[in-house]
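Inspection log for the structure reproduced underneath, given as structure tokens.
In the text below, chain A, chain B and the rest are named by the order of the sequence lines, each starting its count at 1.
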Amino acid sequence: MENAEIARVFFEIADLLEIKGGDTFRIRSYRNAAMVVEGLPESLKTLYAGDGEDGLKGLPGIGESTRGKIIELLTTGGCAYHRELLGEMPHGMLDMIKVSGLGPKKAAVLHKELGISDLDGLERAAEAGLIRGIRGFGEATERKIIRGIREVKTRSRQFKLSAVVPYERSFTRYISEVPGITEIAPSGSYRRWKETVGDLDILVTCSDARAVMDHFVRHPDIAEVVSKGETKSTVVLASGLQVDIRVLDKRSFGSALQYFTGSKAHNVALRERARRMGLKISEYGVFREKGEVWVAGENEEDVYGAVGLPWIPPELRENRGEIEAAEEGSLPRLIERADIKGDLHVHTKESDGAYMLDQMAEAAMKMGYEYMAVTDHSKAVGIARGLDEARLNAQIRAVDEFNDRMKRQRKRFRALKATEVDIKADGSLDHPERALKKLDCVVASVHSGFRMETKEMTARVIKAVRTGLVNIIGHPTGRLINEREPYRIDLEKVMDEAKRHGAALELNAYPDRLDLNDVHCLLARQKGVMVAVSTDSHSIHHLENIAYGIHTARRGWLEKKDVLNAKPLKELLKILKRRG
DNA sequence: GCCGTTTTCGGCCCGACTGTTTTCAGTCG
């Protein structure tokens, strides 16, 4: 039982209680506990195996009751309370409340009045026109339900961050056509650089709110206007992406930006803190004297300042201890783009890249880098025209020649002799030791046999690390966001072994991968394992993807000292040599 | 169910929009 499954049970308990009509604060507690569990870097299983119940104490939002249920889930694989609630109502009701516009209250009414117990039943009733006859419902609600069901059935609600970027740019450009605009800013999970986002939230300050709204709902990509008010509107695009807009006064811009950036958990914690200080935070500002006196709101710094905190970077706002750290003055000094000195995962035309070594190098120089590791595939990755030993040797000569040329031209830049060597199913490496020993940098990755059991896969990767030949484990979980689940691997064990052998783990910045993810980075930081933020570029354009890697690293609280390729060349080479 | 700068009980984040209703509950973020 992993953290994600435990979180899911708590989310379901919250949903079930909500449909049943339970105490709202208890419901919130379960949801809060679920979010805490979800964001925990270490697995509860490990914590419990280590120290028993004591290992689970001190987790925020987890008290006597939820702790007991965690232990129950870990030891029995189930939770009696969860089962009991499920026994009181059909499981399909959990799907019903995923329909936009249909919440727990209305779902409960439909169950009571019409005996509807799942999505299909809901669809049949709506299409038969039965719902409009129920008190509190009408034709509009019925139509909304039909649309909502279609949406639930056809769309994955989460979009890869990189897929939303073009929309953000398009809307920003479009909205700026309205006269009188002073600020336009994306907020929400987009601004926190979450790997997937459910919707795009845009904030605007403008003298004429109505003009902004009228213009906004006419954007050509819009498929449906969900709501349109004086200061707030919501639309859904043809792609299924939801876009929300809010228009605000200048003096509320900071508090609105803070509020809509979230996360929800962060905001709840911040507002509780404000309340304890006799203040009230809303999107319109920070107020005291029962909301009478405006204290702050024009910018985010003042909002945090009003509750005695320094500004907290958006990537940290997940209620994973950032408020406490801010209070103690111990916020991390997060890694920045300017700290990155080179890229340690780059392909060339020699395997499946699209450009030659010197073209990739030139692009890397334009990024301001000191170095780039040439990490073409090894022969086991046949589809990528992976290199055998002879071709690797030829490439080593080519890199030497390239570096000689750099020296003659008095350029500081260096290409590193490297490889992305395949970790084969038995854990052996796809180049012989004598070849790997000639290299400056060895990235080792799994590209096949994804379906192994946790124990097998963990042993496979650990065996590779134990050769002492590996500098970096490439894309350590193999996941592709929204496309392929991570393979089953115990990263805590892999990290412990990597630490012993002087190896780093990669944070693959390719926006489909982001692997390690943010929570894994937290774990690496805790364990003192270095992380290499690399792009896995197959083209000169991919080098820019480093931004996704950096912001994911920031979400994982990583600092310059934690990141391998934030080291200058000389220091980097020293570290790379220490493998063993 | 959780938690403590109103501490072991009594609170718990805040507001916009919609649809259905005659003043507001439900939903959403």
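At least one side-chain nitrogen or oxygen of A:Thr231 sits closer than 4.0 Å to the OP1 or OP2 atom of B:dC17. A sub-4.0 Å separation between OP1 or OP2 of B:dA16 and a side-chain N or O of A:Tyr284 is present.
Taking atom P on both nucleotides, B:dG19 is separated from B:dC12 by 31 Å, rounded to a whole Å. Nucleotides B:dA16 and B:dT23 have their P atoms positioned 22 Å apart, rounded to a whole Å. A distance of about 29 Å separates the C1' atoms of B:dC9 and B:dG15, rounded to the whole Å. For the C1' atom pair drawn from B:dT21 and B:dG26, the interatomic distance equals 13 Å after rounding to whole Å. Here the separation of B:dC17 from B:dT22, taken at their P atoms, is 23 Å to the nearest Å. Nucleotides B:dG4 and B:dC13, compared at atom P, are 13 Å apart to the nearest Å. A gap of 13 Å separates the C1' atoms of B:dC2 and B:dT7, to the nearest Å. The separation of B:dT18 from B:dG11, taken at their C1' atoms, amounts to 31 Å, rounded to a whole angstrom.
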Shorter than 3.5 Å, N or O on both sides, protein versus nucleotides 26-28 of chain B: list them out with atom names.
from   : atom 1 : to       : atom 2 : distance (Å)
B:dT27 : OP1    : A:Gly103 : N      : 2.7
B:dT27 : OP1    : A:Gly103 : O      : 3.1
B:dT27 : OP1    : A:Lys106 : N      : 2.9
B:dT27 : OP2    : A:Lys105 : N      : 3.2
B:dT27 : O5'    : A:Gly103 : N      : 3.4
B:dC28 : OP1    : A:Gly101 : N      : 2.6

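Exactly one residue among A:Arg554, A:Arg192, A:Arg320 makes a salt bridge (Lys or Arg N to Asp or Glu O under 4.0 Å) with A:Asp518. That residue is A:Arg320.
At whole-Å resolution of the value, CD in A:Glu18 and P in B:dG1 are 16 Å apart. A:Ile13 places its CD1 atom 11 Å from the C1' atom of B:dG1, with the value rounded to the nearest Å. Following rounding to the nearest Å, A:Met35 (CE) and B:dG29 (C1') show an atom-to-atom distance of 13 Å. Taking atom CG of residue A:Leu203 and atom P of nucleotide B:dA16, one finds them 14 Å apart after rounding to whole Å. One atom, NZ of A:Lys20, and another, P of B:dG1, lie 11 Å apart when rounded to the nearest Å. Residue A:His266 contributes atom NE2, which lies 15 Å from atom C1' of B:dC14 at whole-angstrom precision. As a whole-Å value, the separation of A:Glu224 CD from B:dT18 P is 12 Å. Per the geometry, CD1 belonging to A:Ile27 stands 11 Å off P belonging to B:dG1, to the nearest Å.
Distance alone, capped at 3.5 Å, places no donor-acceptor pair between the A:His219 side chain and the A:Ile175 backbone.
Contact check for A:Arg273 versus A:Glu327: side-chain heavy atoms found under the 4.5 Å cut-off.
Within a heavy-atom distance below 4.0 Å of DNA chain B, no residue of residues 207-215 of chain A is found. For DNA chain B, the neighbouring residues in residues 137-144 of chain A, judged by any heavy atom under 4.0 Å, are A:Phe137, A:Gly138, A:Glu139, A:Ala140, A:Thr141.
Pair assignment for B:dG4: B:dC9, on the basis of Watson-Crick or G-U wobble contacts that are both within less than 3.5 Å.
For the pair A:Gly136 and A:Arg271, nearest-nucleotide mapping onto DNA chain B gives the more 5' position to A:Arg271.
Geometric assessment of A:Lys106 against the ring of A:Phe137 yields a positive cation-pi assignment under the 6.0 Å and 45° thresholds.
A donor-acceptor contact closer than 3.5 angstrom links the side chains of A:Thr234 and A:Asp244. Between the side chains of A:Asp515 and A:Thr477, at least one donor N or O lies within less than 3.5 Å of an accepting N or O.
Ring geometry, A:Trp193 versus A:Tyr548: the interplanar angle exceeds 60°, so the pair is classed perpendicular (tilted spans 30 to 60°).
Taking the six-membered ring for Trp and the full ring otherwise, A:Tyr284 and A:Tyr259 have centroids separated by 6.0 Å or more.
Among pairs with a residue in residues 76-96 of chain A, none fulfils ring-ring contact (aromatic ring centres under 6.0 Å, His included), at least two apart in sequence or across chains.
For A:Asp490, the salt bridge (Lys or Arg N to Asp or Glu O under 4.0 Å) partners are A:Lys493, not counting sequence neighbours. With sequence neighbours excluded, no residue forms a ring-ring contact (aromatic ring centres under 6.0 Å, His included) with A:Tyr48. Every residue two or more places apart in sequence or in another chain that forms a salt bridge (Lys or Arg N to Asp or Glu O under 4.0 Å) with A:Asp214 is listed here: A:Lys228. Considering only residues two or more places apart in sequence or on other chains, A:Ala209 meets the side chain to side chain contact (heavy atoms under 4.5 Å, CB included) condition with A:Val247. With sequence neighbours left out, the side chain to side chain donor-acceptor pair (under 3.5 Å) criterion links A:Lys144 to no other residue.
For A:Tyr259 against B:dG29, a side-chain N or O and a base N or O form a donor-acceptor pair under 3.5 Å.
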Please list, one pair per line, the donor and acceptor atoms closer than 3.5 Å that link side chains of residues 72-79 of chain A to other protein atoms, with sequence neighbours excluded.
from    : atom 1 : to      : atom 2 : distance (Å)
A:Glu72 : OE2    : A:Ala80 : N      : 2.8
A:Thr75 : OG1    : A:Ile71 : O      : 2.7
A:Thr75 : OG1    : A:Glu72 : O      : 3.4
A:Thr76 : OG1    : A:Glu72 : O      : 2.7
A:Thr76 : OG1    : A:Gly78 : N      : 3.2
A:Thr76 : OG1    : A:Gly78 : O      : 3.1

Using a 3.5 Å cut-off and no angle test, enumerate the donor-acceptor pairs between side-chain atoms of residues 296-307 of chain A and protein atoms at least two apart in sequence or in another chain.
from     : atom 1 : to       : atom 2 : distance (Å)
A:Glu298 : OE2    : A:Lys250 : NZ     : 2.9
A:Asn299 : OD1    : A:Glu301 : N      : 3.2
A:Asn299 : OD1    : A:Asp302 : N      : 2.9
A:Asn299 : ND2    : A:Asp302 : OD2    : 3.3
A:Glu300 : OE1    : A:Arg191 : NH2    : 2.9
A:Glu300 : OE1    : A:Trp311 : NE1    : 2.8
A:Glu300 : OE1    : A:Arg317 : NH2    : 3.0
A:Glu300 : OE2    : A:Arg191 : NH1    : 2.9
A:Glu300 : OE2    : A:Gln258 : N      : 3.3
A:Glu300 : OE2    : A:Arg317 : NH1    : 2.9
A:Glu300 : OE2    : A:Arg317 : NH2    : 3.4
A:Tyr304 : OH     : A:Gln258 : NE2    : 3.1
A:Tyr304 : OH     : A:His266 : NE2    : 2.9
A:Tyr304 : OH     : A:Arg317 : NE     : 3.1

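Taking syn as a glycosidic angle within 90° of 0, B:dT7 qualifies as syn.
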Heavy-atom contacts, protein to nucleotides 2-12 of chain B, under 4.0 Å, summarised as B (base), S (sugar-phosphate only) or - (none) per nt, yield SS--S-----B
